Number of protein chains: 2
Amino acid sequence: MTTTGDTDDARVDEILSRLKGSSGRLTTGRRAIVQALLAAGDHHLNADELAAAVQAQHPHIHLSTVYRTLDALEVAGVLDRMALGTGGAVYHFTDHVHHHLVCKDCGAVVDIPPDLVSSLTGELQRRFGYDLDQARLAVSGRCERCRAALPTTSTSR
Amino acid sequence: MTTTGDTDDARVDEILSRLKGSSGRLTTGRRAIVQALLAAGDHHLNADELAAAVQAQHPHIHLSTVYRTLDALEVAGVLDRMALGTGGAVYHFTDHVHHHLVCKDCGAVVDIPPDLVSSLTGELQRRFGYDLDQARLAVSGRCERCRAALPTTSTSR
DNA sequence: GTCATTGCAAATGGTTTGCATTGTA
DNA sequence: TACAATGCAAACCATTTGCAATGAC
């Protein structure tokens with residue numbers, strides 16, 4: 001099932017052109033990487049998984065190319081990189097703002113809708129002068145499942 | 001200048017005894033590591049920096065011992081480990097709850113007082129069932145200095 | 001004496017880099 | 001043709017692990 005479409009194609013072109021900005025070049029590798037990134041949608045892909053997805057169609061594309069393209073996209077302001085504990089950094093499109101609730105035990109990630117945190121980021125921005133328009137927030141706690149799986153430390157609390 | 005004191009000594013003993021809980025043993029290495037951790041106060045030390053601090057007095061204490069002790073302290077519930085972007089994870093005492101505002105450019109870290117985030121964590125706890133009593137929050141944005149240092153990309157976006 | 005802890009070296013996982021080659025512009 | 005991007009291998013950083021030696025109990 002091809003998840004592609006005209007909309008995505010247009011988006012791919014737009015992103016690639018932003019990469020072109022400072023005398024960059026459009027290669028099949030970069031196109032494939034951006035396509036895979038878009039196809040992943042809301043999934044949290046790390047560089048390895050992205051490379052695997054790309055290599056399904058273009059086996060010769062090297063992991064280091066993926067890293068270099070991700071870097072370029074980050075510099076171009078297209079992507080945000082974020083380290084969510086273990087398993088490698090994950091990447092998001094800068095225009096798709098959301099935040100993360102991460103289980104410190106199993107690593108499960110839940111997306112937090114931005115409106116829940118906007119008052120906090122506003123306050124932080126006011127207090128500390130940080131630019132948080134594109135802020136990424138990671139909250140680490142323990143998910144329900146892992147909480148239940150805990151040895152009976154129940155009395156503590 | 002010994003930053004130590006009776007208070008700290010008592011705290012060191014208390015922490016070491018928590019490590020002893022399940023047939024653990026008290027070694028000079030562990031004591032030195034816990035002391036260094038307490039002496040660091042609010043600083044955000046990573047394993048490397050902690051090892052350096054310890055080795056100033058006990059040169060033979062190996063980095064891997066530091067890692068193993070930090071692990072043990074985490075398991076014992078004394079410490080929380082947290083990855084703040086680059087440069088290795090940092091550790092905090094679990095009873096000293098605070099959060100972090102991290103500059104995505106220069107890595108500068110500002111501590112966020114817990115009361116600013118409590119309403120958010122409460123809401124997240126309610127919505128997603130995560131246990132956030134000991135939550136750690138990392139907000140990544142751009143600090144004032146880096147913001148000023150940015151090339152005039154102001155029109156883009 | 002037992003066995004947890006340590007030192008050390010080597011392995012690991014994620015990421016970056018140097019360099020010769022490829023391929024876009 | 002010129003030079004950005006790539007493949008590849010090697011380097012790199014933070015962290016973990018196997019194993020024999022040490023030292024706390």
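The model shown is predicted, which means the values in this text are computed figures rather than measured ones. Any value given below was found using the heavy atoms of this structure, including those in side chains, with hydrogens, waters and symmetry copies removed. Below, read A as the first sequence line, B as the second, and so on, with proteins coming before strands; counting in each chain starts at 1.
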Undergrad: At less than 4.0 Å, is any side-chain N or O atom of B:H60 found next to OP1 or OP2 of C:dG7? Yes or no.
TA: yes
Undergrad: Under a 4.0 Å heavy-atom cut-off, which of residues 46-58 of chain A touch DNA chain C?
TA: none
Undergrad: Can A:D133 and B:R142 be counted as an ion pair, charged N to O under 4.0 angstrom?
TA: no
Undergrad: For the residue pair A:H98 and A:H96, categorise the inter-ring angle as parallel (less than 30°), tilted (30 to 60°) or perpendicular (more than 60°).
TA: tilted
Undergrad: Are any of the side-chain nitrogens in A:R31 or A:D13 under 4.0 Å away from the carboxylate oxygens of its partner?
TA: yes
Undergrad: Could you tell me whether B:R126 and B:E123 have a side-chain N and a carboxylate O separated by less than 4.0 Å?
TA: yes
Undergrad: Base, sugar-phosphate alone, or nothing: which one does A:A72 contact when heavy atoms must sit under 4.0 Å apart?
TA: nothing
Undergrad: Can any side-chain N or O of B:R18 pair as donor or acceptor with the backbone N or O of B:L73 at less than 3.5 Å?
TA: no
Undergrad: Could you write nucleotides 16-25 of chain C as a row of B, S and -, 5' to 3', where a protein heavy atom under 4.0 Å of any base atom gives B, of only sugar-phosphate atoms gives S, and otherwise -?
TA: BBB----BBS
Undergrad: Under 3.5 Å, side chain of B:T121 to main-chain N/O of B:L132, donor-acceptor pair present?
TA: no
Undergrad: For B:R81, is there an ion pair with B:D71 - N to carboxylate O distance below 4.0 angstrom?
TA: yes
Undergrad: Give the ring-plane orientation class for B:H92 versus B:H100, where under 30° counts as parallel, over 60° as perpendicular and anything between as tilted.
TA: tilted
